[in-house]
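I have placed the structure first, in the form of structure tokens, so that the comments after it can refer back to it.
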2 protein chains.
Amino acid sequence: MVTLAEVAQHAGVSASTVSYVLSGKRSISANTRQRVEQSIQELGYHPNAGARALASSRSNIIALMVPLRTDMYVPVMMEIAIAVATTARIHGYDVLLLTGEEGPDAVRRVTGSGLADAMILMDVELDDERLPLLRETDQPSVLIGLPADTSGLTCVDLDFGATGALCAEHLAMLGHRDIAVIGEAPAVYERHTGFAERTLDGLRSRSRELGLRVLHRPCEGGYDAMAVTLARILDERPATTGFVVQNESAVEPLLALLRQQGRAVPEDVSVIAICPDQVATQASVRLTSVAIPAQEMGRHAVEQLIAKLDGHGEDEVVLIAPELTVRASTGPAPSTS
Amino acid sequence: MVTLAEVAQHAGVSASTVSYVLSGKRSISANTRQRVEQSIQELGYHPNAGARALASSRSNIIALMVPLRTDMYVPVMMEIAIAVATTARIHGYDVLLLTGEEGPDAVRRVTGSGLADAMILMDVELDDERLPLLRETDQPSVLIGLPADTSGLTCVDLDFGATGALCAEHLAMLGHRDIAVIGEAPAVYERHTGFAERTLDGLRSRSRELGLRVLHRPCEGGYDAMAVTLARILDERPATTGFVVQNESAVEPLLALLRQQGRAVPEDVSVIAICPDQVATQASVRLTSVAIPAQEMGRHAVEQLIAKLDGHGEDEVVLIAPELTVRASTGPAPSTS
DNA sequence: ATAGGTTGTCGAAGCGCTTCGACAGCGAAA
DNA sequence: TTTCGCTGTCGAAGCGCTTCGACAACCTAT
């Protein structure tokens, strides 16, 4: 393995000079710089990460804690993770992948050992066990998701409240009066991740203003669960003409069931999905949807973190504004006459 | 930050003794060990990762290179990644997440800098650019996937050849004579990842032995693409009664289309999917499927790697035997009489 | 010509750990 | 009793890098 010292010798300068060429923290004559860079090339030198971390107490690594369970939005998680990794590399950081499994211990371990300079947490619960630790430590962190108390924390998330409101507005505008929300699996609510509730709150309060009647039903993914849920909804509110679906794996079953029952989309009923664009465009009906901006969330989180690591950067809650894209699954409410 | 030296002082022993307690590389009296462990507890000591890496030239990190693109099997990739992270932690390793984006440079960077002790590559192409580098370096690595030339490499993958054969056998046994394979998107074939071809080869050669007629059509995911593909298939081979689907995002569209055309599953046509169990059980028909054992692949890869890091462990190709689970989407071929 | 400020380079210290060789203390074998 | 071999502990060296202070060499303003 090639070391700094060898590069220095090869270039006929001191080790510290090579270090300064690499870091740019002191000015170096063009001549020297060039000689050093050439030696680096020729010898194929790569700085040793451990030595660097030890000497500078900076690892240039960002830890990313992803949820262990895969009962929900896996593609979104993956997309966020990849966006985080890509953005981090642009800024010269690598990404350490932690699973939620270890819980708070992972936070202790990483901050304690200097393995990473900062961390990003996904799948944050309203009253997450890891938050007190993050508030104590002086290691920067960013949450993807919104806990109950955000004081002293930096968070990035889609504005789910506005998302719910947006869905209500769109359906109201089209003349729908009775709408149903197909929510996440009950387990998601029990886990208190918050985003499902926020969507619902936003949707309900806007619906109240607009005079919509709302029925909310959680729903496991899959065909069978969706069949039961749909039957219940139509039983209780036969006049329902608008659906908002927040559970990705309930979308296709819902469309199939509606088709089967002879309810045309969008002529008889309208459907809005809250899901990644890819899902919306690949469904059997091109879905009007509010996108979950996974890439943007990942990129944002990293950029906030880098800002903090560089000294500027405040604690702040960034809520990304939702965007509703109209496709082929929503239309005017059927006339009741 | 608490250091080894502070722990040593607190426990009234030398630094090296603390180190030996931690590593267990020399015998320590029960008494001393206990005092040291208590000091570690009380002070909340965590060894500094950088210092450790520098002194021991072991980072205790495994690099995992995931594909950047998300046009294919994202949930599988995620599941593998999580299995890798979980298994690695069990063995005391952390996982560094690299995207395929950097390509061979990432391999150079990681091996050169000692950032990681070993690496796992996913989404390996038949003639992957990264392979020569892996063969040169003495850093252990494991591939998930199978390149054309596996000499000097360790690989883990599902036995896709056997998977194809298994599908053919199951359909033949049920009396089907004309079968169609709905393959991955054309881009997947162009990329030469191999697994799709291997499936097809296995299926074709077994079909020949069993007297099945096979039609193969690649297919982008989604409803529209599937509609076109299905129409072409039924046009060319109206007698087709068996389908093997290897593209996850074509599964649900296919079922919807068949339903729409009045072809009952499994009475009129049988469908086998090659996909994770979760997809198979959540589809609108519970699908007979060959599972993609993502977790097992991830776990296996890590264990191979650890064995290599520990000195035992050979270069070896591990092909996981496929398992076909019969569910509700396959049945006897309709009688032709 | 001299004082003061820049610019470019170097040497040395030190980051926190692992590991090697040394060695004190002790019981077992001679 | 002496010798040998353990066992348990310590001190010191060193891993490869960053960074601080020092200091020539030069330029500019006096």
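Since the structure is predicted, the reported quantities are computational estimates derived from the model, not experimental observations. To find a chain, count down the sequence lines: A is the first, B the second, and so on, and within it residues start at 1.
- For the pair B:Ile306 and B:Thr87, the minimum side-chain heavy-atom distance is 4.5 Å or more.
- Within residues 26-38 of chain B, the residues that place at least one heavy atom under 4.0 Å from DNA chain D are, in residue-number order, B:Arg26, B:Ser27, B:Ile28, B:Ser29, B:Thr32.
- With a heavy-atom cut-off of 4.0 Å to chain A, the contacted part of DNA chain D has its first and last nucleotide at D:dG16 to D:dA22.
- If one axis is set at each end of the helix from C:dA1-D:dT30 to C:dA30-D:dT1 from five pairs, those axes are 40° apart, to 10°.
- Judged as a side-chain contact (heavy atoms from CB on, under 4.5 Å), and not counting sequence neighbours, the contacts of B:Ala11 are B:Val13, B:Val36, B:Ser39.
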Quiz: residues 291-303 of chain A side-chain donor-acceptor pairs under 3.5 angstrom, not counting sequence neighbours:
| from | atom 1 | to | atom 2 | distance (Å) |
| --- | --- | --- | --- | --- |
| A:Arg299 | NH1 | A:Glu303 | OE1 | 3.4 |

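- The pair B:Asp149-B:Arg135 meets the salt-bridge criterion, with a side-chain N (NZ, NE, NH1 or NH2) lying under 4.0 Å from an Asp/Glu carboxylate O.
- With a 4.5 Å cut-off on side-chain heavy atoms, A:His91 and A:Ile62 do not count as touching.
- Under the 4.0 Å criterion applied to side-chain N and carboxylate O atoms, A:Arg89 and B:Glu101 are not assigned as salt-bridge partners.
- Legend: residues meeting salt bridge (Lys or Arg N to Asp or Glu O under 4.0 Å) with B:Glu125, ordered by chain and number and at least two apart, are B:Arg69.
- Every residue two or more places apart in sequence or in another chain was checked for a salt bridge (Lys or Arg N to Asp or Glu O under 4.0 Å) with B:Asp127, and none qualifies.
- Residues satisfying the salt bridge (Lys or Arg N to Asp or Glu O under 4.0 Å) criterion with A:Asp128, sequence neighbours excluded, are A:Arg130.
- Considering only residues two or more places apart in sequence or on other chains, B:Asp157 meets the salt bridge (Lys or Arg N to Asp or Glu O under 4.0 Å) condition with B:Arg198.
- Among residues two or more places apart in sequence or in another chain, the side-chain contact (heavy atoms from CB on, under 4.5 Å) test is passed with A:Ser27 by none.
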Side-chain atoms of residues 17-26 of chain A: list all donor-acceptor pairs with protein atoms under 3.5 Å, sequence neighbours left out, distances to 0.1 Å.
| from | atom 1 | to | atom 2 | distance (Å) |
| --- | --- | --- | --- | --- |
| A:Thr17 | OG1 | A:Ser14 | OG | 3.1 |
| A:Ser23 | OG | A:Ser19 | O | 3.3 |
| A:Ser23 | OG | A:Lys25 | N | 3.3 |

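- DNA chain C lies under 4.0 Å from at least one heavy atom of each of the following residues of residues 1-24 of chain B: B:Thr3, B:Leu4, B:Ser16, B:Ser19, B:Tyr20.
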